[in-house]
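First the structure, in the form of structure tokens, and then the observations on it.
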Amino acid sequence: MRALGSGGTALPGLVVERLHPQATEQLGSRLSATALITGTNGKTTTAAMLARILRADGRTVVHNRSGSNLMRGVTASLVEAASPLGSLVHGCTAVLEADEAALPAIARAAPPTTTVFTNLMRDQLDRYGEIESIALRWGEALDDFPSSTTIALNADDPLIASLATHWDGSCLRFGIEDPDVPPAPSGEIVDAIWDPATQDDYRYSRRYFAQLGRWHTAAGAERPSPEISADEILQTDEATRFLLRLPTGSVSIELPALGLYSVYNALAAATAATALGVPPETIQRGLGAHEAAFGRQEEMVVDGRRVRVLLGKNPSGMNQALRTLQRPGERHHLLVLLNDGIADGTDVSWIWDVDWESQAEHCASLVVGGHRAADMALRLEYAGFPPPCGPVENDVGRALRAALDVLPQPEPLTILPTYTAMLDVRQRLGRMGAARLWDVA
């Protein structure tokens with residue numbers, strides 16, 4: 001499948017599951033440690049950060065780096081690591097991104113040493129249901145976790161923080177402690193509105209984005225103090241600097257990624273690394289060497305032109321991607337791609353909950369594509385964007401070509417795709433000979 005350019009990240013696992021149903025459990029038992037990463041946004045990037053930190057610590061890592069995060073993808077990654085002699089997984093540390101709904105089954109097959117819960121945002125409602133339902137299933141799943149597991153919770157997300165009530169074992173919390181972080185725009189979407197246990201609304205002394213921030217309820221529930229936190233956050237044109245406070249000391253981080261959501265990903269990875277016994281200096285070195293995961297703030301050069309890809313697969317994720325493009329005076333050439341595949345969620349009404357209006361003044365040119373390109377073009381017209389350059393294209397390849405054709409040199413093209421559109425455009429860029437920016441420099 002890989003030789004034919006069709007991926008081959010999940011089918012091998014499916015074949016193995018049919019031939020040998022206990023393969024995942026047997027391979028998982030050979031691992032020295034297992035870290036599971038789950039949540040709505042940030043799983044792939046957090047897992048990539050953690051894998052890099054662990055390699056900097058001298059460990060051999062098994063990682064489903066493609067983002068294939070259902071059981072078959074996890075199985076395929078373990079089988080690949082075990083081939084051809086079946087010995088590589090012995091003593092390895094596994095970093096496994098786990099789909100929200102698949103987490104309980106993956107945890108049973110590969111009992112976790114630590115599990116990171118990043119956030120819960122509205123995403124693929126046709127598949128997952130409401131986020132309160134996912135939180136309830138996760139709480140029930142914790143009953144089957146080994147008592148030795150350390151769970152890592154985002155203290156700034158009230159639904160994630162509430163998982164601690166279902167757990168009697170070790171727990172590490174992470175969050176932002178910088179009092180100078182700008183608050184979220186007043187009209188930005190909030191996905192978790194009320195506490196399912198008490199029916200009380202969440203209230204905020206400061207909200208950073210979506211429902212993440214310093215929260216409390218009238219019944220007395222409130223954001224817990226995190227053991228691992230980010231302070232003194234400073235955004236530059238190319239990186240994010242912050243002070244990482246850990247139980248064993250503080251280190252300065254220069255993260256080659258933009259946006260507050262990148263800080264949360266780094267905190268999640270640092271918390272998992274701490275649970276696995278990695279010292280602060282190694283965490284610092286690993287985060288400093290971060291490279292963008294597939295399609296997540298990834299920058300490339302194709303035909304001498306710079307292209308960057310910012311995945312946005314739900315309202316909160318797209319809002320955060322847009323906020324990285326809104327420095328005063330900056331204007332961007334945009335290719336916006338909207339698909340409605342199974343992996344995207346077939347209901348695209350979520351695009352009306354994205355704050356596109358805040359981006360309109362920063363748009364220098366616009367091309368729209370994807371299976372639901374007409375829906376996106378209409379949404380952007382209402383948001384006050386300039387008319388698209390050329391026809392609205394359902395075919396991602398033609399839309400990409402049109403965007404590159406109108407791109408003035410040396411300006412970069414910024415692509416904002418949903419998940420399956422990201423996979424499509426990323427593959428087409430590869431066929432055009434695109435190289436990652438740091439491979440060219």
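Sequential numbering from 1 along the given sequence is applied to the chain's residues.
- Across I151, T150, L163, a single residue satisfies side-chain contact (heavy atoms from CB on, under 4.5 Å) together with C171, and that is I151.
- Checking side-chain atoms of T324 against main-chain N and O of A321 turns up a donor-acceptor pair under 3.5 Å.
- Side-chain contact check for L400 versus M432: some heavy-atom pair is nearer than 4.5 Å.
- In plain terms, the two heavy atoms of A257 and S262 that are nearest each other are CB-OG, 3.7 Å.
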Q | Full working for ring pair (Phe, Tyr, Trp, His ring centres under 6.0 Å) between Y382 and W356 | A | CA-CA 9 Å; Y382 272 94; W356 294 104; over 10 Å; no

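- The closest side-chain heavy-atom distance from H332 to R308 is below 4.5 Å.
- Within the 4.5 Å cutoff, the side chain of K43 has heavy atoms near those of the E100 side chain.
- When F209, F174, F242, F117 are each tested for a ring-ring contact (aromatic ring centres under 6.0 Å, His included) with Y264, only one passes: F209.
- More than 12 heavy atoms of other shown residues, nucleotides or ligands fall within 6.0 angstrom of atom CG in D143.
- Between L244 and L267, the closest side-chain pair of non-hydrogen atoms falls below 4.5 Å.
- Between W215 and R207, every side-chain heavy-atom pair lies at or beyond the 4.5 Å cut-off.
- Between E222 and R203 no salt bridge is recorded (no basic side-chain N to carboxylate O distance below 4.0 Å).
- With values rounded to the nearest 0.5 angstrom, N265 atom CG is found 12.0 Å from L50 atom CG.
- Within the 4.5 Å cutoff, the side chain of L311 has no heavy atoms near those of the T44 side chain.
- When atom types are taken as modelled, the side chain of T114 and the backbone of A35 share no donor-acceptor pair closer than 3.5 angstrom.
- The residue from T274, L287, V61, V95 that alone fulfils the side-chain contact (heavy atoms from CB on, under 4.5 Å) condition with I53 is L287.
- When side chains are defined from C-beta on, L54 does not count as touching H63, because their heavy atoms never get closer than 4.5 Å.
- Of the possible donor and acceptor atoms, one in the side chain of N394 sits under 3.5 Å from a partner among the backbone N and O of H371.
- Exactly one residue among V251, D57, L246 makes a side-chain contact (heavy atoms from CB on, under 4.5 Å) with P279. That residue is D57.
- The 12-atom threshold is exceeded at CZ of R327, counting heavy atoms of other residues, nucleotides or ligands nearer than 6.0 Å.
- Between N154 and T118 the shortest side-chain heavy-atom distance does not fall below 4.5 Å.
- At most 12 heavy atoms of other shown residues, nucleotides or ligands fall within 6.0 angstrom of atom CD in E238.
- For the residue pair G259 and Q235, the shortest heavy atom distance occurs at N-OE1, 3.4 Å.
- A383 and E357 get closest at one heavy-atom pair: CA-OE2, 3.7 Å.
- In this structure, the side chain of T40 engages the main chain of M121 through a donor-acceptor pair within 3.5 Å.
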